[in-house]
Amino acid sequence: MVFKKLTDRLTTAASTAAQHATNSLWYGRDQAGKIAQLESMGFSPERARHALNATEGDVDRAAELLLLSEDGEDVLGAAAATAAATQPAGVTNHDVEGRHVAAHNDEQMRLAMEESLRVTQQNEERQLHQAEAASMSNFANGTGTANIPPAKAKATTATQQKPIQQKQPTQKTTNTKKQPPIRSAAAINAGKAAASRHNISNHSKKTSTSALTTAKSTLDHTHPHVKIPDKLQNKSKEEQILRCADRVKPHVMAVDTLLRVLTSVKSSPGVDKFRTIDRTNPNYVTYVRDKPGAEDLLLAMNYRRIASKNELRLERHLVDDALLYLGISALEQARTSTEYREAKKWRAFHAEMRRVAMQLGGGSAENLVNGMTEEETQIRLAFLSHCPKEPPQGRGAWMHVYLGEEEEKIEGGYVSRRFDGDDILDDVLNWLGGCYGTELLEKLKSREWCLCDLNRYPILPLDLEKHRKKTLQYLGLFPSGKLGVRLSDDSWRSGDMDDHGLGDVAGSARGLGAASRSMLH
């Protein structure tokens with residue numbers, strides 16, 4: 001028995017060696033090694049030889065071809081028989097068989113690729129439809145999660161968790177279909193976002209009423225305790241008029257102009273010029289058009305915008321005596337408010353500042369304006385004679401002085417020049433006296449007006465009697481100073497420091513060597 005097994009092994013080894021030797025002699029060593037490699041995978045030598053001939057000696061492609069060919073032996077045999085019967089003279093059997101096998105395998109691979117593409121496309125379309133359905137459900141319900149049916153959700157989860165199967169070239173298989181590609185979570189989320197944008201774009205084309213209803217339902221769902229107030233134009237006429245009158249009361253000229261217009265319409269409703277307002281009129285543009293609540297009040301009185309003529313017009317049949325009475329009463333009530341009285345006071349102050357600014361003499365003896373009386377000229381020259389010489393360019397620091405608020409941009413209400421740090425506040429006052437005359441200094445001294453350091457916050461007035469001999473550096477006006485002439489309130493005018501709020505003077509010093517707020521105030 002042992003001798004028989006040994007004989008069988010020797011016979012098998014000799015047969016294998018003889019086959020390899022025959023292949024080496026017939027096909028060459030390289031081709032014989034490739035055939036042997038394919039034989040180790042379980043393919044017959046004849047099929048391996050035909051596959052290598054069809055793939056031009058590529059072992060990997062030959063193995064793939066053999067795996068794709070379920071009936072390889074019949075196909076290869078039929079191809080060989082056909083080639084032997086029809087081959088012309090001078091063409092070898094190996095060449096003919098190789099061409100037929102290559103044509104068959106190309107056809108098999110084409111069919112397999114088409115099938116794989118079809119499956120992949122169907123899978124992508126199915127996932128896209130699921131994403132669109134989930135996005136539409138999310139948008140309609142106002143939630144952050146999509147309402148996917150349990151069956152579809154389970155199928156999607158299974159698809160996402162399915163591992164990628166890699167082909168093992170060393171194992172024989174008859175499955176010719178490729179696995180569909182597994183899309184990543186980022187790709188799926190991108191598809192959902194795109195579908196959501198598409199749905200929102202289509203949804204925006206609907207009527208404004210349905211859009212408002214959807215938005216309101218979404219807000220009610222996400223913020224149940226937040227209530228959106230109604231727009232002003234959706235409220236009653238009475239509430240619109242009262243609200244607009246309250247908004248416009250800090251603007252003196254707007255209140256006075258509107259009151260004059262409504263009073264004229266009430267007294268003469270048949271006069272067209274009282275019921276028509278030109279929106280391009282300079283006074284209307286300056287004092288009314290851009291003030292909050294002004295035009296809204298006119299619209300609440302049934303005025304209508306005429307775009308072709310850029311005007312507001314109140315038609316005769318739309319004149320409502322009740323609305324006119326309510327609007328006039330609301331504006332008269334606004335004129336008694338604190339905001340209106342304060343704004344009226346500041347308007348009168350800026351008118352005074354414009355009058356003073358017209359007396360600007362230039363700040364030097366050479367630049368005094370012509371037409372000034374001899375007495376006024378002598379007074380201003382006396383002030384300038386007590387003012388130190390201006391430091392040359394590159395030395396000293398600039399001092400800027402504004403009459404009134406900067407937003408008013410009063411013509412002639414701004415002057416500037418250089419001072420040294422050891423110059424005193426009295427030097428600045430003499431310079432201002434040379435620029436604007438004695439009226440400015442007298443009202444500053446009487447505290448009807450005040451001189452404020454605009455570089456500090458909160459802005460507080462400077463006590464001229466207390467600090468007129470202090471240096472600019474001590475007062476925090478060096479290396480740069482910015483002063484403003486402002487209207488004094490009643491507490492500063494009367495000298496009541498506590499009522500003015502100067503009891504709390506916390507704050508840091510401005511500049512090296514400057515005094516603190518507590519020392520200045």
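Note that the structure is a prediction, hence the values are computed from the model and not measured.
- In this structure, the side chains of F419 and F478 stay at 4.5 Å or more apart for every pair of heavy atoms.
- More than 12 heavy atoms of other residues, nucleotides or ligands sit less than 6.0 Å from atom CD of Q233.
- A salt bridge does not link R275 with E315: every distance from a Lys NZ or Arg NE/NH1/NH2 to an Asp or Glu carboxylate oxygen is 4.0 Å or more.
- No donor-acceptor distance shorter than 3.5 angstrom exists from the side chain of D256 to the backbone of M253, with no hydrogens or angles considered.
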Verify salt bridge (charged side-chain N to carboxylate O under 4.0 Å, His left out) between D420 and R395, making sure each step is shown before the conclusion.
-> CA-CA 8 Å; D420 286 323; R395 209 186 81 186; 3.1 Å; yes

Start with the C-alpha distance between K482 and E406, add both sets of side-chain angles, then the distance that settles salt bridge (charged side-chain N to carboxylate O under 4.0 Å, His left out), and finish with yes or no.
-> CA-CA 11 Å; K482 186 177 180 181; E406 295 181 55; 3.0 Å; yes

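- In this structure, the side chains of C244 and L232 come closer than 4.5 Å at one or more pairs of heavy atoms.
- Between Y414 and K409 the shortest side-chain heavy-atom distance does not fall below 4.5 Å.
- Using a 4.0 Å cut-off between a side-chain N of Lys or Arg and a carboxylate O of Asp or Glu, D230 and K235 do not qualify as a salt bridge.
- Side-chain contact between R313 and R305 is absent, with no heavy-atom pair separated by less than 4.5 Å.
- Two residues are said to be in side-chain contact when any heavy atoms from C-beta on lie closer than 4.5 Å; R335 and L259 meet this criterion.
- With no hydrogens or angles considered, no side-chain donor-acceptor pair links Y287 and H251 at under 3.5 Å.
- Ion pairing between D278 and K309 fails under the 4.0 Å rule for side-chain N and carboxylate O.
- Classification of R279 and E295 as a salt-bridged pair holds, one side-chain N sitting under 4.0 Å from a carboxylate O.
- Residues V485 and Y402 are not in side-chain contact: their nearest non-hydrogen atoms beyond the backbone lie 4.5 Å or more apart.
- The pair E442-K445 does not count as a salt bridge, with every side-chain nitrogen at least 4.0 angstrom from each carboxylate oxygen.
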List the steps, then state whether side chain to side chain contact (heavy atoms under 4.5 Å, CB included) holds for R468 with I424.
-> CA-CA 7 Å; R468 65 184 306 141; I424 61 176; over 6 Å; no

Given salt bridge (charged side-chain N to carboxylate O under 4.0 Å, His left out), test K469 with D426 step by step and report yes or no.
-> CA-CA 6 Å; K469 297 300 181 182; D426 203 20; 3.5 Å; yes

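- The residues R447 and D463 are annotated as salt-bridged, a charged nitrogen and a carboxylate oxygen being separated by less than 4.0 angstrom.
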Working for side chain to side chain contact (heavy atoms under 4.5 Å, CB included), residues L297 and L258 | CA-CA 9 Å; L297 178 62; L258 291 173; 3.8 Å; yes

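- Seen from the ring of W398, R417 does not count as a face-on cation partner, given the 6.0 Å and 45° thresholds.
- Contact check on K249 versus E342 returns no salt bridge, with no Lys/Arg side-chain nitrogen under 4.0 Å from an Asp/Glu carboxylate oxygen.
- You'll find the side chain of L432 reaches within 4.5 Å of the side chain of V415, heavy atoms only.
- Screening E238, Q240, K237 for a side-chain contact (heavy atoms from CB on, under 4.5 Å) with L323, the sole residue that qualifies is K237.
- A salt bridge between E239 and R243 is absent, with no side-chain N of the basic residue lying under 4.0 Å from a carboxylate O of the acidic one.
- Using a cut-off of 4.0 Å between Lys/Arg side-chain N and Asp/Glu carboxylate O, R418 and E390 are scored as salt-bridged.
- By the 6.0 Å contact criterion, CD on E439 is enclosed, its count of non-hydrogen atoms from other residues, nucleotides or ligands being greater than 12.
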